[in-house]
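All values below come from the heavy atoms of this structure, side chains included, with hydrogens, waters and symmetry mates left out. As the structure is a prediction and not an experimental result, all values here were calculated from the model. Letters A, B, ... are given to chains in the order of the sequence lines, protein chains preceding strands, and every chain is numbered from 1.
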Amino acid sequence: MEEKSRDFIREIIDADLAAGKHTEIVTRFPPEPNGYLHIGHAKSIFTNFGIAEEYGGRCNLRFDDTNPVKEDTEFVEAIKNDVKWLGFTWSSLHFASDYFDRMYLLAEQLITMGLAYVCDLSSEEVRAYRGTLTESGRNSPYRERTVEENLDLFRRMKAGEFSEGSRTLRAKIDMTSPTMCLRDPAMYRILHKTHHRTGNSWCIYPMYDFAHCLEDSTEGITHSLCTLEFEVNRPLYDWYLEKLDIFRSRQIEFARLNLSYTVVSKRYLRKLVEEHYVSGWDDPRMPTLSGLRRRGVPASAINNFCSVIGLAKRNSTVDIALLEHSIREQLNRTAPRVMSVLDPVKLLIENYPEDKTEYFDYVVNPEDDSAGTRATPFTRELYIEQDDFMENPPKKFFRMTPGREVRLRYAYLVTCTGVTKNDDGEITEIRCAYDPESKGGNAPDGRKVRGTLHWVSANHSFPAEVRLYDRLFNTENPMNTENGADFTSSLNPDSLNTAMNCRMENHMKNREPGFTCQFERKGYFCIDPDSTPEKMVFNRTITLRESWAKLKGKKK
RNA sequence: UGGGGCGUCGUCAAAUGGCAAGACACAGGGUUUUGGUCCCUGCAUUUGGAGGUUCGAAUCCUCCCGCCCCAGCCA
């Protein structure tokens with residue numbers, strides 16, 4: 001059985017189950033439809049859906065759409081799509097706005113119980129009456145209105161008789177409470193705004209604290225999992241459910257995900273999009289689920305990452321290397337291998353017949369025997385990677401260099417015989433001689449050949465665009481800037497480099513956007529939706545681990 | 001300086017009074033027709049600090065220190 005230790009939430013659930021509190025575990029993922037989902041949400045999705053699945057229970061998808069000024073249906077569809085992509089199926093789909101009638105009735109009930117009142121204080125006045133962290137607040141002058149008056153006023157609020165912001169419905173709790181949210185929190189505010197689902201049928205909208213616990217309770221959510229910042233709101237969550245005497249959902253808070261070299265906050269991601277630092281919510285550099293998907297990150301890698309980082313209450317920042325590891329691990333197992341030359345230079349094999357074409361067996365995926373082999377054409381004129389050749393190489397460089405023998409993967413051993421340069425001194429062509437006895441790349445006498453190069457046949461390849469992505473930010477904590485500078489000052493100017501003249505093997509021609517593969521020795525890539533049959537576009541998902549790059553860096 | 005939380009390796013994170021897991025990162029070595037993968041090895045005598053209880057403490061007690069959250073008619 002599973003040796004893995006349980007996190008504190010599963011321990012609580014186990015205890016609740018043991019105590020006979022529930023017969024079925026019900027959770028929910030409750031996004032506000034005001035932006036796109038990001039990797040932080042993936043953690044919430046993974047735990048909410050994951051726990052429900054594990055306990056044989058249910059998990060709902062619920063849109064927390066109680067604020068019409070921020071929300072939009074555009075986001076609803078995108079969010080549903082992202083949740084499905086991660087591989088989860090909601091038990092049922094809900095909208096907080098579907099419960100507006102019920103919430104309204106429960107609000108009236110609280111008024112009737114003498115536990116809520118209509119307050120005419122302006123927002124500034126409310127703030128002044130609220131007190132501070134160390135001084136208690138004062139009662140609103142409207143606090144002692146009669147039930148009848150409150151009911152009448154609240155109904156007229158609903159009917160649209162009052163202007164926006166002129167009144168609120170407040171819970172009557174305790175203005176002296178050291179817990180700020182218990183100082184007569186607002187339950188309803190007046191907002192003469194069109195809601196994306198209810199249109200103009202409402203002009204009063206419930207506040208989060210009042211709405212959320214009712215949504216959970218209504219759906220029979222047994223464990224309402226949310227992030228740490230809601231910990232201080234829990235007394236209020238419990239207060240509403242207790243006073244109304246309805247199903248008691250239990251709120252449990254866990255630490256939200258922070259990732260190094262990344263910004264995970266809707267507000268800042270929105271800024272990146274709106275001010276065009278990136279091409280959109282699904283820009284492959286964005287930590288949004290749509291961005292990661294377009295980048296070529298498999299859903300399985302994200303889920304694996306979520307399981308590896310664990311669940312706890314302490315604030316932490318996960319090293320992005322952990323995510324990168326999950327991505328490589330997944331892709332290594334599944335991605336077919338391809339030889340593509342990103343920065344081509346011509347390689348001429350002088351002693352190879354001009355009109356000859358040979359085909360070599362190419363292992364599609366060494367990690368997956370069932371992927372089989374493919375025939376790859378080899379001719380006299382090839383392309384190789386420019387940085388696989390150096391005229392004056394440093395120590396430990398064991399690629400091509402004048403006079404040295406290297407292997408052309410799966411084909412032959414070749415020895416560099418010279419180079420051709422243009423007037424600017426740039427290398428336009430590398431020349432070499434092959435050993436006909438080394439067919440397949442095997443040294444006939446067992447001589448050692450350290451370097452192995454990838455290549456494509458000039459006449460059996462086509463040009464394509466490749467977008468080389470790197471981290472969006474240069475600093476570990478982009479929010480931590482020098483003397484108050486904006487977080488955009490942490491942006492990595494080299495997060496995107498576009499290579500326009502890459503050479504692809506011909507068999508890549510018919511592949512569709514989303515197709516993922518490994519360009520050998522280079523990294524994992526996928527076909528971008530911008531791709532057309534005339535001009536294919538690839539995204540680099542992530543490089544391979546590069547001990548050579550590390551070595552180079554050290555020498556410098 | 002009110003209230004609510006949290007401090008275990010560089011980064012995540014277990015251990016629930018009985019010899020401080022694991023992963024990532026890092027370092028070294030081996031295999032290799034990808035400088036990839038894979039495989040070995042090393043990496044906290046000590047758990048924010050100081051006392052105390054105990055045969056025995058990361059776990060219990062006391063005091064101290066540090067960090068996070070709350071003063072929206074946002075969620």
S.K.: Report yes if a side-chain nitrogen or oxygen of A:R189 is closer than 4.0 Å to either non-bridging phosphate oxygen (OP1 or OP2) of B:rA75; otherwise report no.
M.R.: yes
S.K.: From the options B:rU34, B:rA13, B:rA75, select the nucleotide whose nearest atom is closest to the side chain of A:P366.
M.R.: B:rU34
S.K.: Can you spot which of A:W455, A:Y352, A:Y434 makes a side-chain contact (heavy atoms from CB on, under 4.5 Å) with A:V414?
M.R.: A:Y434
S.K.: Starting the side chain at C-beta, find the nucleotide from B:rC73, B:rA15, B:rC12 nearest to A:A186.
M.R.: B:rC73
S.K.: For B:rA44, give its Watson-Crick or G-U wobble partner with both distances under 3.5 Å, or none.
M.R.: none
S.K.: What is the distance, to the nearest angstrom, from the CZ atom on A:F162 to the C1' atom on B:rC73?
M.R.: 15 Å
S.K.: So that I can tick it off, tell me whether A:R521 and A:E546 are bridged by a salt bridge, with the cut-off set at under 4.0 angstrom between side-chain N and carboxylate O.
M.R.: no
S.K.: Nearest to the A:W548 side chain among B:rC12, B:rG72, B:rG35, which nucleotide is it?
M.R.: B:rG35
S.K.: With heavy atoms under 4.0 Å as the rule, sort A:L408 into base, sugar-phosphate or nothing.
M.R.: nothing
S.K.: Nearest whole Å is fine: how far is B:rC70 P from A:Y208 OH?
M.R.: 13 Å
S.K.: For nucleotides 20-26 of chain B, give me every protein contact, N/O to N/O, under 3.5 Å, one pair per line with atom names.
M.R.:
| from | atom 1 | to | atom 2 | distance (Å) |
| --- | --- | --- | --- | --- |
| B:rC24 | OP1 | A:H325 | NE2 | 3.3 |
| B:rC26 | OP1 | A:K550 | NZ | 3.2 |

S.K.: Heavy atoms under 4.0 Å, any strand shown: does A:F230 hit a base, just sugar-phosphate, or nothing?
M.R.: base
S.K.: Report the nucleotide, chosen from B:rA75, B:rU34, B:rG5, that has the shortest atom-to-atom distance to any side-chain atom of A:R234.
M.R.: B:rG5
S.K.: Tell me whether A:R155 is salt-bridged to A:E161, with the criterion being a basic N under 4.0 Å from an acidic carboxylate O.
M.R.: no
S.K.: Any strand is fair game: report the nucleotide pairing with B:rC6 by Watson-Crick or G-U wobble, both distances under 3.5 Å, or none.
M.R.: B:rG66
S.K.: Which comes earlier along RNA chain B counting from the 5' end, the contact point of A:R521 or that of A:P30, where each point is its nearest nucleotide?
M.R.: A:R521
S.K.: Using a 4.0 Å heavy-atom cut-off, does A:N233 contact any base of the nucleic acid, only the sugar-phosphate backbone, or nothing at all?
M.R.: base
S.K.: If you look at every strand shown and take non-hydrogen atoms under 4.0 Å, does A:S122 touch a base, only sugar-phosphate, or nothing?
M.R.: base
S.K.: Nearest to the side chain of A:P178 - B:rG3, B:rG35, B:rA75?
M.R.: B:rG3
S.K.: Is there a donor N/O on one and an acceptor N/O on the other, under 3.5 Å, for the side chain of A:E124 and the base of B:rG72?
M.R.: no
S.K.: Any base atoms under 4.0 Å from A:M339, or only sugar-phosphate, or nothing? Heavy atoms, all strands.
M.R.: nothing
S.K.: As a test of understanding, state which of A:R62, A:E215, A:H94 forms a side chain to side chain donor-acceptor pair (under 3.5 Å) with A:Y99.
M.R.: A:H94
S.K.: Which part of the nucleic acid, if any, lies within reach of A:R183 when heavy atoms closer than 4.0 Å are counted: base, sugar-phosphate only, or nothing?
M.R.: nothing
S.K.: Check whether any side-chain nitrogen or oxygen of A:T179 sits under 4.0 Å from OP1 or OP2 of B:rC70, and answer yes or no.
M.R.: no
S.K.: Could you tell me the separation between the CD atom of A:E215 and the P atom of B:rA75, rounded to a whole number of Å?
M.R.: 10 Å
S.K.: A:Q330 has an atom CD; how far is it from atom C1' of B:rU37, in whole Å?
M.R.: 14 Å
S.K.: For B:rU32, give its Watson-Crick or G-U wobble partner with both distances under 3.5 Å, or none.
M.R.: none
S.K.: Please give the distance between the C1' atoms of B:rC65 and B:rA50 as a whole number of Å.
M.R.: 10 Å
S.K.: Would A:R540 count as a cation-pi partner of A:Y469, with NZ or CZ less than 6.0 Å from the six-membered ring centre and within 45° of the ring normal?
M.R.: no
S.K.: Provide, to the nearest angstrom, the distance between the CE atom belonging to A:M157 and the C1' atom belonging to B:rC73.
M.R.: 9 Å
S.K.: Any idea if B:rG72 is syn or anti, going by the 90°-from-0 cut?
M.R.: syn
S.K.: For A:T401 and A:M390, indicate whether the former's side chain and the latter's backbone hold a donor-acceptor pair under 3.5 Å.
M.R.: yes
S.K.: Heavy atoms from C-beta onward define the side chain here; which of B:rG35, B:rU34, B:rG2 lies closest to that of A:M180?
M.R.: B:rG2
S.K.: Across the strands shown, which category fits A:E32 at heavy-atom distances under 4.0 angstrom: base, sugar-phosphate, nothing?
M.R.: sugar-phosphate
S.K.: Would you kindly say whether A:Y261 and A:N477 are connected by a side-chain donor-acceptor distance under 3.5 Å?
M.R.: no
S.K.: Return the pairing partner of B:rA75 with a 3.5 Å limit on both distances, Watson-Crick or G-U wobble; otherwise return none.
M.R.: none
S.K.: Judged by each residue's nearest nucleotide on RNA chain B, which is more toward the 5′ side, A:D64 or A:R127?
M.R.: A:R127
S.K.: So which nucleotide from B:rG35, B:rA71, B:rU34 ends up closest to the side chain of A:F397?
M.R.: B:rG35
S.K.: Give a yes/no answer on whether the side chain of A:R130 brings an N or O atom under 4.0 Å of OP1 or OP2 in B:rC73.
M.R.: yes
S.K.: Output the rounded distance in Å from CG (A:L133) to P (B:rG2).
M.R.: 10 Å
S.K.: What is the ring orientation for A:H195 with A:Y205, classed by angle as parallel under 30°, tilted 30 to 60°, or perpendicular over 60°?
M.R.: parallel
S.K.: Counting the atoms with a prime plus P, OP1 and OP2 as sugar-phosphate, which does A:L236 contact under 4.0 Å by heavy atoms, base, sugar-phosphate, or nothing?
M.R.: nothing
S.K.: For B:rA20, give the paired nucleotide (Watson-Crick: N1-N3 plus N6-O4 or O6-N4; G-U: N1-O2 and O6-N3; both under 3.5 Å), or none.
M.R.: none
S.K.: Strictly below 4.0 Å: does A:R314 bring a side-chain N or O up to OP1 or OP2 of B:rU8?
M.R.: yes
S.K.: What about A:R333: does its side chain form a donor-acceptor pair under 3.5 Å with the base of B:rU37?
M.R.: no
S.K.: Does the ring centre of A:F210 sit less than 6.0 Å away from the ring centre of A:Y240?
M.R.: yes
S.K.: What is the distance, rounded to the nearest whole Å, between atom CD of A:E229 and atom P of B:rC70?
M.R.: 8 Å
S.K.: Once you apply a heavy-atom cut-off of 4.0 Å, does A:S316 come out as touching a base, just sugar-phosphate, or nothing?
M.R.: sugar-phosphate
S.K.: Mind checking A:N34 for me? I need base, sugar-phosphate or nothing, with any heavy atom below 4.0 Å counting as a touch.
M.R.: nothing
S.K.: Report yes or no: do A:Y412 and A:E358 form a side-chain donor-acceptor pair below 3.5 Å?
M.R.: yes
S.K.: Looking at B:rA14, B:rA75, B:rG5, which one has an atom nearest to any side-chain atom of A:E231?
M.R.: B:rG5
S.K.: Tell me if the aromatic rings of A:F538 and A:F525 count as close, with their centers under 6.0 Å from one another.
M.R.: no
S.K.: Work out how far the P atom of B:rG66 is from that of B:rC26, and round it to whole angstrom.
M.R.: 34 Å
S.K.: Roughly, in whole Å, what's the span from CG in A:N315 to P in B:rG66?
M.R.: 17 Å
S.K.: Mind checking A:E324 for me? I need base, sugar-phosphate or nothing, with any heavy atom below 4.0 Å counting as a touch.
M.R.: nothing
